[in-house]
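Below is one structure, written out as structure tokens, with a few remarks after it.
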Amino acid sequence: MSSAFIQAAVILLREGLEAMLVIAALAGYLKKVGSAHRVGALYGGALAAVGASFIAAWLFAVLNSGDHSDVLEGVIILFAAALMLYVSGWLMVKQDPRGWQDYLAHKADSALAQDTVWAVGALAFLAVFREGAETVLFINALAKTEGGWSAGLFGGLAAAAVGLAVLFYFINMIAQKLPLRPLFVITSAFLFAMAIKFIGEAVQEFQEQAIITVTEVKGSAFFTAIGLNPSMEALSIQLLVILFALATYSVFQRNNRLAREDKAASRPAE
């Protein structure tokens with residue numbers, strides 16, 4: 001097994017796994033709630049991102065001598081994180097079966113539903129695009145260092161693609177067998193965790209360009225090991241986002257409870 005085979009496989013698996021998990025989680029949720037007809041738009045966004053990734057990589061190579069822009073990448077990551085937070089919150093507030101049934105009955109064709117479909121499609125595009133262009137650049141650089149586009153390199157890419165496809169199939173199969181409420185909660189939690197991670201990555205991109213300062217925290221090796229940006233700036237921003245999300249969810253739940261109590265109190269006594 002050649003070095004090019006292993007390196008190409010690792011690059012595609014590393015860069016494609018997060019994007020694949022996001023797409024698989026959202027596809028599973030759409031199928032579970034009877035919106036399988038919208039999965040096509042989700043996959044369409046992902047495929048469009050693959051094509052855009054090749055175009056972006058070509059533009060980087062031609063216009064920027066193959067060097068990617070940390071600032072541009074940071075902005076794209078932040079957009080992806082914002083959409084993940086939005087969809088995560090939407091899933092969490094709809095995880096109550098009664099609330100979901102009411103939503104399907106009264107809001108299926110409303111602007112909120114359309115906005116959610118748009119957000120899911122855009123999220124699919126950004127989740128794949130943020131990884132895709134970088135993957136193409138890495139593979140191109142690998143081909144140069146390994147003496148060209150060898151059979152081993154193509155073999156590694158093919159093996160990694162098959163591995164991702166198999167993982168995607170099994171994740172979708174498991175997701176469709178989960179009850180509705182746990183599926184919503186798990187998907188919401190996963191997207192939220194990915195958004196928090198993306199925020200740290202975006203901060204790192206800006207730090208590499210000296211736009212944001214870097215203050216390392218104690219135990220940075222631990223944070224690095226679990227994939228987090230080990231700086232005070234990144235961790236502070238991530239903590240603020242988490243606290244804001246918890247506060248927003250708490251307010252929503254309180255307002256929901258008060259609305260139910262008012263509705264119950266206004267019913268005529270039998």
Check your understanding: With the 4.5 Å side-chain cut-off for hydrophobic clustering, are Leu47 and Phe125 part of the same group?
Key -> no
Review point. Could you give the distance from CD1 (Ile242) to CD1 (Ile196), rounded to the nearest 0.5 Å?
Key: 4.5 Å
Revision key, fill the gap. Apart from Leu239 itself, its cluster of hydrophobic side chains linked below 4.5 Å comprises Leu243
Check your understanding: At their closest point, which heavy atom of Ala8 faces which heavy atom of Leu157, and how far apart are they?
Key -> O-CD2, 3.9 Å
Practice item. For side chain to side chain contact (heavy atoms under 4.5 Å, CB included), just list the numbers for Met194 and Lys197, CA-CA rounded to whole Å, side-chain angles, deciding distance to a tenth of an Å, and then say yes or no. Key: CA-CA 5 Å; Met194 286 293 99; Lys197 185 175 184 295; 4.2 Å; yes
Study note, to complete from the structure: Note: Ala9 and Ala160 closest approach over all heavy atoms is O-CB, 3.6 Å
Practice item. State which residue, out of Leu235, Ile211, Val214, Ile212, fulfils the side chain to side chain contact (heavy atoms under 4.5 Å, CB included) condition with Val203. Key: Ile212
**Study point:** Check: Leu246 main-chain N/O paired with Ser250 side-chain donor or acceptor under 3.5 Å
**Key:** no
Check your understanding: So do Leu85 and Phe244 actually touch side chain to side chain, heavy atoms under 4.5 Å?
Key -> no
Review point. So Asn229 and Gln238, side-chain hydrogen bond (donor to acceptor under 3.5 Å, both in side chains) or not? Walk me through it.
Key: CA-CA 10 Å; Asn229 181 336; Gln238 289 169 320; over 6 Å; no
Check your understanding: Backbone N or O of Ser231 within a donor-acceptor pair of the Glu216 side chain at under 3.5 Å?
Key -> no
